[in-house]
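No hydrogens, no waters, no symmetry mates; every other heavy atom, side chains included, goes into these values.
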Amino acid sequence: MDSLIQVNEEIIACRKCPRLVRYRELVAREKRRAFRDWEYWGKPVPGFGDPHARLMILGLAPAAHGANRTGRMFTGDRSGDFLYKAMYDAGFANQPTSTHRGDGLVLKDAYIAATARCAPPANKPLPSELRNCQPYFVRELELLRPRAILVLGGIALRSYLELLKEQRHISNFASFPFGHGTIHKMPAPLPRLFTSYHPSQQNTFTGKLTPKMLLKVFRDIRKYLGHD
């Protein structure tokens, strides 16, 4: 019988994408000077969160010196600092920080996955690499059966919509445009779809995404789930 533990074990052992294997292991050997004393994770990063979550969050990919170092989604980098603070303020996490796997962080009613499970060069996974990762996400969806999905960024939205089109839940992408704070009511029995800019430094340092903007998205999700 499939389980999230089994899916995560298979993700960690995955070597389907030679380019990503080479890159994640190279980064883990060479390291960044600030983290030279760390033993980098250097493997695919499994999903993380509440196994009974009603909210599933879909990110892009592990950061080379973030999750690729720590082994946990959005942990050890500025993107994670930004994301988990908003989740904490909205009641989806027990603390606002995420520094390493043993730091005590617990997600409440939320589970985090990604379109690619290995850190890609230049943060750009190839279409073939995204396809290789898709079956893991499909199994997570089947196991969790979330009531809401939050996609972080346009690539995550596109990947999710491509899956829905393959499964014949939708016929086109045009009906579901990307925009920060957009909410899409999907055909039954699909979960409600929420969209946000990705909490990358490119967005947060420039003010394209502010803490208030991201918190509003999580509060909208909380309000929706409160109706269950």
Inset, instruction - Could you pull out the closest heavy-atom pair between T99 and D103, with the gap in Å? - result: N-OD2, 2.7 Å
Legend entry - Donor-acceptor pair, side chain of N94 and main chain of V106, under 3.5 angstrom: yes
Inset, instruction - Answer whether the closest heavy-atom distance between the side chains of L4 and L144 falls below 4.5 Å. - result: yes
Inset, instruction - Would you sort out whether D50 and K108 count as a salt bridge (charged side-chain N to carboxylate O under 4.0 Å, His left out), showing the intermediate values? - result: CA-CA 6 Å; D50 185 345; K108 298 181 284 187; over 6 Å; no
Legend entry - Closest non-hydrogen atom pair between F74 and L152, with its separation: CZ-CD1, 3.8 Å
Legend entry - Short side-chain to backbone donor-acceptor contact, W38 and W41, under 3.5 Å: no
Inset, instruction - Examine the side chains of R72 and S98 and answer whether a donor and an acceptor come within less than 3.5 Å of each other. - result: yes
Check: residues 154-169 side-chain donor-acceptor pairs under 3.5 Å, at least two apart:
{"from": "R158", "atom 1": "NE", "to": "E162", "atom 2": "OE2", "distance (Å)": "3.3"}
{"from": "S159", "atom 1": "OG", "to": "I155", "atom 2": "O", "distance (Å)": "3.1"}

Legend entry - Common cluster, F173/L130, ILVMFWY with side-chain heavy-atom separation under 4.5 Å: no
Legend entry - Beyond-backbone contact of H184 with R192, side-chain heavy atoms, under 4.5 angstrom: no
Legend entry - Other residues, nucleotides, ligands: >12 heavy atoms within 6.0 Å of K216 NZ: no
Inset, instruction - With the side chain counted from C-beta on, respond yes when R69 and P62 share a heavy-atom pair under 4.5 Å apart, and no when they do not. - result: no
Inset, instruction - Taking all non-hydrogen atoms of both residues into account, name the closest pair between M56 and L141 and its distance. - result: SD-CD2, 3.5 Å
Legend entry - Q202 atom CD, neighbour heavy-atom count above 12 within 6.0 Å: no
Legend entry - More than 12 heavy atoms of other groups within 6.0 Å of Y136 OH: yes
Legend entry - Between Y224 and R147: side-chain donor-acceptor atoms closer than 3.5 Å: yes
Inset, instruction - Output yes when E10 and K43 qualify as a salt bridge under the 4.0 Å nitrogen-oxygen rule, no when they do not. - result: no
Legend entry - Within one Ile-Leu-Val-Met-Phe-Trp-Tyr cluster: F194 and L190, side-chain cutoff 4.5 Å: yes
Inset, instruction - Look at the side chain of T210 and the backbone N and O of G207, then say whether any donor-acceptor pair between them is shorter than 3.5 Å. - result: no
Legend entry - Distance (rounded to the nearest 0.5 Å) between K212 NZ and D89 CG: 13.5 Å
Legend entry - Heavy-atom check, side chain of C118 versus side chain of Y23, under 4.5 Å: no
Legend entry - Over all atoms of both residues, closest heavy-atom pair of G47 and N8: N-OD1, 3.1 Å
Inset, instruction - Check whether any side-chain heavy atom of F82 sits under 4.5 Å from a side-chain heavy atom of L214, and report yes or no. - result: yes
Inset, instruction - Under the salt bridge (charged side-chain N to carboxylate O under 4.0 Å, His left out) rule, what do R139 and E9 come out as? Steps first, then yes or no, please. - result: CA-CA 13 Å; R139 287 165 65 192; E9 287 175 349; over 6 Å; no
Inset, instruction - Look only at the side chain of R24 and the backbone of N68, and say whether a donor-acceptor pair between them is shorter than 3.5 Å. - result: no
Donor-acceptor pairs under 3.5 angstrom involving side-chain atoms of residues 174-181: please list them, not counting sequence neighbours.
{"from": "S175", "atom 1": "OG", "to": "N172", "atom 2": "OD1", "distance (Å)": "3.1"}
{"from": "H180", "atom 1": "ND1", "to": "S196", "atom 2": "OG", "distance (Å)": "3.4"}
{"from": "H180", "atom 1": "ND1", "to": "Y197", "atom 2": "N", "distance (Å)": "3.1"}
{"from": "H180", "atom 1": "NE2", "to": "M213", "atom 2": "O", "distance (Å)": "3.3"}

Inset, instruction - Say whether H65 and Y40, considering side chains only, have a donor N or O and an acceptor N or O under 3.5 Å apart. - result: yes
Legend entry - Spacing of NE2 belonging to H100 relative to CG belonging to L105, to within rounding of 0.5 Å: 10.5 Å
Inset, instruction - Calculate, to the nearest 0.5 Å, the distance between atoms CD1 and CD1 belonging to I57 and I149 respectively. - result: 11.0 Å
Legend entry - Sidechain N-carboxylate O distance under 4.0 Å for D81, K85: no
Legend entry - Note, C14 side chain near I11 side chain (heavy atom, < 4.5 Å): no
Legend entry - Nearest heavy atoms of N132 and C17, plus distance in Å: ND2-SG, 3.1 Å
Inset, instruction - Go through L83 and F218 one step at a time and tell me if the side chain to side chain contact (heavy atoms under 4.5 Å, CB included) criterion holds. - result: CA-CA 10 Å; L83 176 67; F218 279 109; 3.8 Å; yes
Legend entry - Gap between atom CD1 of I221 and atom CG of L55 - 0.5 Å precision: 5.0 Å
Legend entry - Heavy-atom pair with the smallest gap, counting every atom of H198 and S79: CE1-OG, 4.4 Å
Legend entry - Heavy-atom side-chain contact between N123 and S200 under 4.5 Å: no
Inset, instruction - Give a yes or no on whether R145 atom CZ has more than 12 heavy-atom contacts from other residues, nucleotides or ligands under 6.0 Å away. - result: no
Inset, instruction - Answer whether the closest heavy-atom distance between the side chains of R78 and F205 falls below 4.5 Å. - result: yes
